[in-house]
Student: 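What follows is a structure written as structure tokens; I'll ask about it next.
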Amino acid sequence: MEIIFMLIPIAMIFVAIAVAVFFWAVKSDQFEDLEREGSNILFDDEGNNEVPLNKQNNKDSNSDSSSQSNKHDK
């Protein structure tokens, strides 16, 4: 029963921290324009011409294996 006297103040501290973080987020405009940011992930960046890392690694490994096979053929 005496543990409840410790858990209630700890829970109240957690609630106070959560409320403070919520009000900070509202004050710093974290919840502005939720629709645009949610739909940005659905569209590709037109200016991004970089090769994805996994495709670049596959090209490197394919060229390495073909050069190794050429060494064995000689």
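The model shown is predicted, which means the values in this text are computed figures rather than measured ones.
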Student: Val15: which residues meet the side-chain contact (heavy atoms from CB on, under 4.5 Å) condition with it, sequence neighbours left out?
Tutor: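 Val15: side-chain contact (heavy atoms from CB on, under 4.5 Å) contacts with Val19.
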Student: Report the residues that fulfil side-chain contact (heavy atoms from CB on, under 4.5 Å) with Ile3, sequence neighbours left out, ordered by chain and then residue number.
Tutor: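 Per chain and number, Ile3 pairs via side-chain contact (heavy atoms from CB on, under 4.5 Å) with Met6, Leu7.
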Student: Met12 and Ile4: same hydrophobic cluster, using ILVMFWY side-chain contacts below 4.5 Å?
Tutor: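 The answer is yes; both residues are in one hydrophobic cluster.
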Student: Quick one: side-chain contact (heavy atoms from CB on, under 4.5 Å) partners of Val21, sequence neighbours excluded?
Tutor: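 For Val21, the residues satisfying side-chain contact (heavy atoms from CB on, under 4.5 Å) (neighbours in sequence not counted) are Ile17.
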